[in-house]
S.K.: 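My questions will all concern the structure given below.
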Amino acid sequence: MSVVAWGQLQYVLAAVLLLIGLYGMLVRTNLVRKLMAMNVMQVAVIVFFISLAVRAGGTPPIEVESPSAGSDVLYANPLPHALMLTAIVVSVSTTGVALALLIRIHRRFDTLDEADVLDRLRQ
Amino acid sequence: MSEHLPILIVVCPLAAALLVPLAARLSPRLARGIAIAAPAGALVCAVAALRVALDRGPWHYHLGGWAPPWGIEYVVDPLGGGMATLVALLALLVAIYAGPYLRARSAFRAAIFDSLFLLLTSGLLGITLTGDLFNLYVFLEISSLAAYALLASSGERAVVATFRYLLIGTIAASFYLLGLGYLYALTGTLNMGDLAIRLAEAGGGSAMTVGVVLIVVGLAIKMAVFPLHGWMPDAYTYAPPPVTMFIAAVMSKVSAYALLRVLFFVLPATGAVETALAVLSWVATGGVLAGSILALAQTDVRRMLVYSSVGQMGYVVLGLSLGNATALTGALLHVVGHAVAKGCLFGAVGSLPRQTMQAEIAGFAGASRRAPLTMAAFTVAALSLVGLPPTAGFFSKWYLLQGALEADAWFFAAVLLMSSLLSAVYFFRVIERIYFADDPGAADPGASRHRTKPSLRMLGPVITLGAAVLLIGILNGRLVTAVIRHALPEL
């Protein structure tokens, strides 16, 4: 017996992405890789929310004028999509600020390795 | 106009944040004026809205006329309105305080600083007022992004520390958002009032447990609750003085407010929340003790103040976790008292002229002769954190202690007293230097010529905050009966 039904696989994907992201942020010493791991973690949250919106057999949430379909058209929940658009904007802004900080770190220390940077700071 | 007061609290600083860089092209003085007027406007709106909320009950403001749960609503209740007033007041004082710091910078850089500061302020104000959990996430990120940019604006140490804070802060925000996703999946709503009703109907279940855990951990990182405080000392120590003053004073308090709001106003008081509160009580105990002991080990006064914040936030969390009305009153009074006192302490330290990046305790020798008023304010605020009457800190600790005894939590009561003793030790170390050590510069007559009198614009806010610490202490009874009692959740 499988622990997870096939229909729930996207949640497993979200959990795996989240853990990959957290692992990368903890283990990598290169600051750019840490930042990339952070982005992977944020994608995990986005995958999770988008998965919530899915309805089996649902259409995109666009109002269609079809007389035959009547009032009960099954469509995907648009709210998580709207929320995640905002989350993507937040993620892009965070990445932008982080890259700006990395540029300053690189100009000053000529390296992006965390251990080297901390060594230089201690001197 | 008056029916739009709740949104004006946030719009004032937000609009000003966009105007300031433009105005700086015309005249830097005008830009500074706007940067000070905006928090003042927000403060006036917040006080007016809070008065309405106290008279007529919570004020629900529907953005764009869309009724919740579809639209986003702002709620000014005594709790949110009170927090907004606190944030706006400190923002105003710090905006004035930042004047001399900014005068040394170019008009463009000063305008960018003011703009970011106003964005940070509007983000924090938004958190206190919103009635929507996702909107809270957006404001959390607005304030965090502005904070990253401000914290990084002084030297390479600050940049490295801020990068690490950015990574940890993003983990915290992602956890919060993910937890929010679980609550949304359970209920299909994001409005706080609506969630409270539907979660009570939905009951517990593992999805809610996961949601609660993620949200509590996310907000606890933002609050820098021990042992999730690792990012804080470096990030705060190397930042520009006005930034540290504002962020150390209110940013963790606003996260604490968010935690209180979610735990007591949104989530039903069952299984997962009770467990979360029980875990938080032990975490807080660890934080109170560890913060005090680590503060004792510091030689840089700013670092000592940051570790003392770890301990002081422990008190707030302890008050939340005890959960009875007395303890919650103590926690809220402590939020107010600590915000004012920490702002005063960092303001006082930042206003002293300094040649190095360090603010060693030894450097405070004889400081009372050089800056008597600043050091008096520093001492009053320090006594408040130690918990001596008649300062604010004594009364909030008194309520917390009573709350602990009501809950028969003798161990926590003992911890409270123990850590007060420890904070007395680390603060008196500094106070002793300030008043009783010889000023090393006094022997050298040439040095006195270099002494600059602290600018009135720096001195004013610091002394105001020092006086506020005393006033909150003396008038604590009125503050509790007029505002804090109405801000408590129904228990």
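Chain letters run A, B, ... following the sequence lines, proteins first and then strands; every chain starts at 1. What you see is a predicted model; the values in this text were computed from it and never measured.
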S.K.: Tell me whether Tyr75(A) at atom OH has more than 12 heavy atoms from other residues, nucleotides or ligands lying less than 6.0 Å away.
M.R.: no

S.K.: Which value, rounded to the nearest 0.5 Å, describes the distance between Leu35(A) atom CG and Leu167(B) atom CG?
M.R.: 7.0 Å

S.K.: How close do Val159(B) and Leu101(A) get, counting heavy atoms only, and between which atoms?
M.R.: CG1-O, 3.5 Å

S.K.: Select one option (side chain, backbone, both, neither) describing which atoms of Phe134(B) are under 4.5 Å from chain A's heavy atoms.
M.R.: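 Side chain of Phe134(B) only, per the 4.5 Å heavy-atom cut-off to chain A.
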
S.K.: Between Val117(A) and Glu156(B), is the side chain to side chain contact (heavy atoms under 4.5 Å, CB included) condition met? List the steps.
M.R.: CA-CA 10 Å; Val117(A) 170; Glu156(B) 61 269 13; over 6 Å; no

S.K.: Counting neighbours of CZ on Arg104(A) that are heavy atoms of other residues, nucleotides or ligands and sit closer than 6.0 Å, is the number greater than 12?
M.R.: yes

S.K.: In Å, rounded to the nearest 0.5 Å, how long is the span from CG of Leu18(A) to CZ of Phe175(B)?
M.R.: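 With rounding to 0.5 Å, CG (Leu18(A)) is 6.0 Å from CZ (Phe175(B)).
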
S.K.: I'd like to know which of Leu121(A), Val97(A), Asn77(A) tops the heavy-atom pair count under 4.5 Å against chain B.
M.R.: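 When all of Leu121(A), Val97(A), Asn77(A) are compared, Leu121(A) has the most.
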
S.K.: With a 4.5 angstrom heavy-atom cut-off, could you sort out which part of Val138(B) is near chain A: side chain, backbone, both or neither?
M.R.: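 The side chain, not the backbone.
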
S.K.: Considering all heavy atoms of both residues, which atom of Gln42(A) and which atom of Ser174(B) are nearest to each other, and what is their separation?
M.R.: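 So the minimum-distance heavy-atom pair works out to CG-OG, 3.9 Å.
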
S.K.: For Arg198(B), does the CZ atom have more than 12 heavy-atom neighbours from other residues, nucleotides or ligands under 6.0 Å away?
M.R.: yes

S.K.: Would you give the length of the straight line joining atom NZ of Lys34(A) to atom CG of Leu166(B), rounded to the nearest 0.5 angstrom?
M.R.: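 Answer rounded to 0.5 Å: 12.5 Å.
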
S.K.: State the CG-CZ distance between Leu177(B) and Phe48(A), to the nearest 0.5 angstrom.
M.R.: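 Rounded to the nearest 0.5 Å, the CG-CZ separation comes out at 9.5 Å.
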
S.K.: Determine the minimum heavy-atom distance between Glu141(B) and Thr94(A), stating which atoms define it.
M.R.: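 It is OE2-OG1, 4.3 Å.
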
S.K.: Which atom names give the shortest non-hydrogen contact between Leu52(A) and Gly181(B), and what distance separates them?
M.R.: CD1-O, 3.7 Å

S.K.: Kindly give the heavy-atom pair with the smallest separation between Leu79(A) and Tyr184(B), and that separation in Å.
M.R.: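 Closest pair (atom of Leu79(A), atom of Tyr184(B), distance): CD2-OH, 3.4 Å.
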
S.K.: Between Leu190(B) and chain A, which part of the residue has a heavy atom less than 4.5 Å away: side chain, backbone, both or neither?
M.R.: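 Interface part for Leu190(B): side chain.
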
S.K.: Dump the intermediate steps for side chain to side chain contact (heavy atoms under 4.5 Å, CB included) on Ile171(B) and Met25(A), then the final yes or no.
M.R.: CA-CA 10 Å; Ile171(B) 294 179; Met25(A) 290 169 85; 3.5 Å; yes

S.K.: Verify the neighbour count for atom CZ of Arg109(B): are there more than 12 heavy atoms of other residues, nucleotides or ligands below 6.0 Å?
M.R.: no

S.K.: Give, as side chain, backbone, both or neither, the part of Leu83(A) having an atom under 4.5 angstrom from any heavy atom of chain B.
M.R.: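 Both backbone and side chain.
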
S.K.: For Glu114(A), is there an ion pair with Arg164(B) - N to carboxylate O distance below 4.0 angstrom?
M.R.: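 Yes, charged N to carboxylate O under 4.0 Å.
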
